[in-house]
2 protein chains.
Amino acid sequence: MSTPASRRRPATIHDVAREAGVSRGTVSRVLNGGHYVSPTAKAAVDAAIRRTGYVVNRHARSLITGKSDSVAFLLTEPQERFFEDPNFNVLLRACTQALAAQDIPLLLMIAGTEDERRRNLRYIEAGHVDGVLLVSSHSGDPVVARLHEAGVPVVACGKPLGQTAKIGYVAADDRDGARDMVRHLYATGRRRIATVTGPLDTPGGVERLAGYRETLAEHGLPVDELLVATGDYSRASGEDAARVLLERAPDIDAVFVASDLMAQGVLDAFASAGRRVPEDIAVGGFDDSPAAVSSRPPLTTIRQPWERISTEMVRTLLARIAGEDPAAVILPTELVRRESA
Amino acid sequence: MSTPASRRRPATIHDVAREAGVSRGTVSRVLNGGHYVSPTAKAAVDAAIRRTGYVVNRHARSLITGKSDSVAFLLTEPQERFFEDPNFNVLLRACTQALAAQDIPLLLMIAGTEDERRRNLRYIEAGHVDGVLLVSSHSGDPVVARLHEAGVPVVACGKPLGQTAKIGYVAADDRDGARDMVRHLYATGRRRIATVTGPLDTPGGVERLAGYRETLAEHGLPVDELLVATGDYSRASGEDAARVLLERAPDIDAVFVASDLMAQGVLDAFASAGRRVPEDIAVGGFDDSPAAVSSRPPLTTIRQPWERISTEMVRTLLARIAGEDPAAVILPTELVRRESA
DNA sequence: TTCTCTACTGTGAACGCTCACAGATGCATG
DNA sequence: CATGCATCTGTGAGCGTTCACAGTAGAGAA
């Protein structure tokens with residue numbers, strides 16, 4: 001602004017030092033916390049920085065510190081989930097913003113193919129990022145082990161299944177959320193409660209099913225395996241599962257579905273089968289995604305605190321980078337009542 | 001793999017040189033295209049790289065070349081659009097992958113608030129990225145001008161409106177797509193064709209409306225302003241617009257809606273008004289988003305080639321970084337027939 | 001006074017790479 | 001047999017930072 005012709009070479013720490021009448025070292029100290037710097041020197045440096053428009057060269061800094069001051073967001077999900085699931089958007093946005101607040105850029109990495117996986121791992125293992133926010137719910141994902149082995153700080157979204165490696169993660173309390181929903185269905189008078197689960201190699205799949213079973217047992221209801229159908233979180237799989245349930249147990253009066261997207265499919269299936277929701281059958285979802293409000297009827301569902309999950313992931317990762325031990329953070333869910341149950 | 005204990009210090013170009021029995025310079029040349037290197041030297045270096053597990057230190061390289069070998073994906077849309085619009089996902093994913101193929105990491109930046117905007121601009125203007133993939137359709141977005149002024153290579157998604165700065169962009173042929181849809185409606189016998197436009201400060205808003213008007217004129221139909229309602233791309237705005245249209249012109253037999261999301265809202269409104277689609281009123285959407293197949297009835301719509309848009313954006317940006325002049329790339333759209341029209 | 005301690009400041013020396021340049025080699029040409 | 005040219009190779013310098021270290025000054029204690 002003040003010096004419009006400063007397009008040429010960007011100012012270096014040297015320029016600032018000369019401008020402020022101090023040495024590089026002093027400027028560097030001001031830049032990194034300002035300890036052991038006299039007030040006058042600090043003021044002079046600050047002014048010089050403002051005058052020169054100096055911005056630190058992160059490459060030079062990284063070269064010597066060995067840190068990159070950047071973090072990777074690594075997605076190893078199959079791509080369809082990334083598209084269909086609106087939660088990823090929230091997660092990604094909130095992580096980006098939480099990091100931006102600390103001036104840490106987020107590198108987006110997608111490891112769909114084997115080639116991409118190799119490439120990204122190579123990049124990460126070379127130390128080009130300080131840590132990894134990992135979104136992967138495959139049971140036994142080799143990426144998790146590789147990263148852990150390479151000593152890269154990692155925080156996963158959701159509990160990594162089938163991992164011997166001790167790894168930090170942040171997750172919603174799936175089991176408790178499922179319990180809340182099934183209790184709600186019970187409380188509204190339903191007694192033949194079925195469920196559509198997620199894939200059983202994902203934490204959301206197993207935990208929500210466990211919560212369902214526990215709550216039935218808690219109320220003395222029989223846990224009938226005919227009432228359990230498995231989906232893959234897609235809308236179509238929900239539709240299929242609902243048809244299966246209707247055939248196996250036509251007398252069901254409620255279904256707890258492990259995701260809103262599948263619940264939409266369930267609603268479709270019930271509509272074509274002539275069953276009214278919630279009059280004939282109550283439907284409970286999970287996620288509180290946009291799909292929940294746009295479906296007919298709007299879904300009663302379990303809200304996952306994605307914003308908080310994101311900020312906790314970032315906080316935990318930064319702590320891990322700073323040397324803390326890995327930790328698991330479990331966040332509470334919340335029942336959202338709408339019309340479907 | 002071969003040397004398991006190589007956790008200590010990562011190999012440098014020096015280690016590779018020693019291992020291969022050549023000088024740093026030769027290794028560097030192999031790394032950067034391999035010109036002016038004898039086959040034997042190249043083979044020795046390749047072998048040494050494999051043996052040492054060497055990966056180039058990008059910070060050191062960037063320090064001297066002045067390039068970062070990274071690119072920013074900058075989103076200056078209001079956040080709701082980012083969430084609601086599934087196109088962003090496709091765009092983001094495809095850009096990430098197209099860049100990954102060239103080993104260029106993508107930095108995700110979101111400039112929602114004024115503070116974020118300042119922060120991101122500072123980062124970009126400091127030369128920390130080589131170029132910017134810009135997603136912003138605000139008319140007269142100040143970010144566009146700032147980036148252009150700073151001499152940062154930029155490629156926008158969609159034509160930047162109200163910009164004096166000559167800036168490269170990639171866009172679908174909105175106008176032609178709109179023409180295709182309205183021609184299709186006409187061809188199926190509709191004569192009272194209304195439209196729901198997007199915001200008129202976005203290229204999609206103005207261009208699709210223009211295509212609509214042109215096609216009506218082309219067929220000698222009157223261009224009745226009562227048949228034009230404006231939305232903001234959200235589902236709710238589509239619902240509102242449909243109600244307005246129904247009130248102003250109850251005799252309409254078709255609506256061209258400028259986005260699938262709004263078209264969903266239109267379908268909702270028609271359903272509650274007791275109008276059957278497509279029997280009473282045909283509805284045409286735009287985007288071919290996931291919403292198009294999941295709505296009832298499935299939407300006849302215009303497919304935007306998001307994958308190609310992404311790869312073209314990346315290609316164009318890379319060319320721009322390499323010194324080429326900015327260019328505009330317009331890609332064809334495609335009519336997708338389903339049941340709503 | 002002299003010594004010690006604290007607060008502050010400046011000065012090489014790296015970090016790992018690329019680039020310009022100088023030197024060496026081999027082969028064809030005059 | 002010298003010269004030119006193209007191909008290949010090694011060397012030193014330097015990119016912009018941080019860090020360890022040495023050094024200065026001033027205050028208080030012995």
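Within every chain, numbering begins at 1; the chains are lettered A, B, ... in the order of the sequence lines, protein sequences first and strands thereafter. Keep in mind that the numbers below use all heavy atoms, side chains included, and drop hydrogens, waters and symmetry copies.
Counting to the nearest Å, the C1' atom of C:dC15 and the NZ atom of A:Lys67 are 16 Å from each other. Rounded to an integer number of Å, the gap from CG of A:Asp69 to P of D:dT17 is 14 Å. Atom C1' of nucleotide D:dG14 and atom CZ of B:Arg61 are separated by 17 Å, given to the nearest angstrom. Following rounding to the nearest Å, B:Arg29 (CZ) and D:dA6 (P) show an atom-to-atom distance of 18 Å. In this structure, B:Tyr36 places its OH atom 18 Å from P of C:dT18, rounding to the nearest Å. In this structure, B:Leu31 places its CG atom 15 Å from P of C:dG16, rounding to the nearest Å. In this structure, the NE2 atom of A:His59 is 15 Å from the P atom of C:dC17, given to the nearest Å. Summarising the geometry, the separation between CZ on A:Arg24 and P on D:dT17 is reported as 10 Å, rounded to the nearest angstrom.
Listed nucleotides: D:dG10, D:dT18, C:dT9. Nearest to the side chain of A:Ser23: C:dT9. Checked against D:dG10, C:dG16, C:dT9, the side chain of B:Thr26 finds its nearest nucleotide in D:dG10.
Toward the 5′ end of DNA chain D lies the nearest nucleotide of B:Pro39, the other residue of the pair B:Pro39 and B:Ala60 mapping further downstream. Checking B:Ile64 against B:Ala41, the closest nucleotide of DNA chain D that is more toward the 5' end is the one next to B:Ala41.
In this structure a side-chain-to-backbone donor-acceptor pair under 3.5 Å is missing from A:Arg146 to A:Leu121.
Taking the charged nitrogens against the carboxylate oxygens, B:Glu116 and B:Arg119 have no contact shorter than 4.0 Å, which rules out a salt bridge. Using a 4.0 Å cut-off between charged nitrogen and carboxylate oxygen, A:Asp46 and A:Lys42 count as a salt-bridge pair.
Within the nucleic acid shown, B:Arg58 has no heavy atom closer than 4.0 Å to any nucleic acid atom.
Taking side-chain N and O atoms only, A:Ser28 has no distance below 4.0 Å to OP1 or OP2 of D:dT17. Within the 4.0 Å cut-off from OP1 or OP2 of C:dT9, at least one side-chain nitrogen or oxygen of A:Ser38 is found. For B:Asn57 and C:dC15, the shortest distance from a side-chain N or O to OP1 or OP2 is not below 4.0 Å. Not one side-chain nitrogen or oxygen of A:Thr12 sits closer than 4.0 Å to the OP1 or OP2 atom of D:dG16.
Distance check: B:Arg308 CZ to B:Thr311 OG1 gives 6.5 Å after rounding to the nearest 0.5 Å. Distance SG/A:Cys95 to CG/A:Leu108: 11.0 Å, rounded to 0.5 Å.
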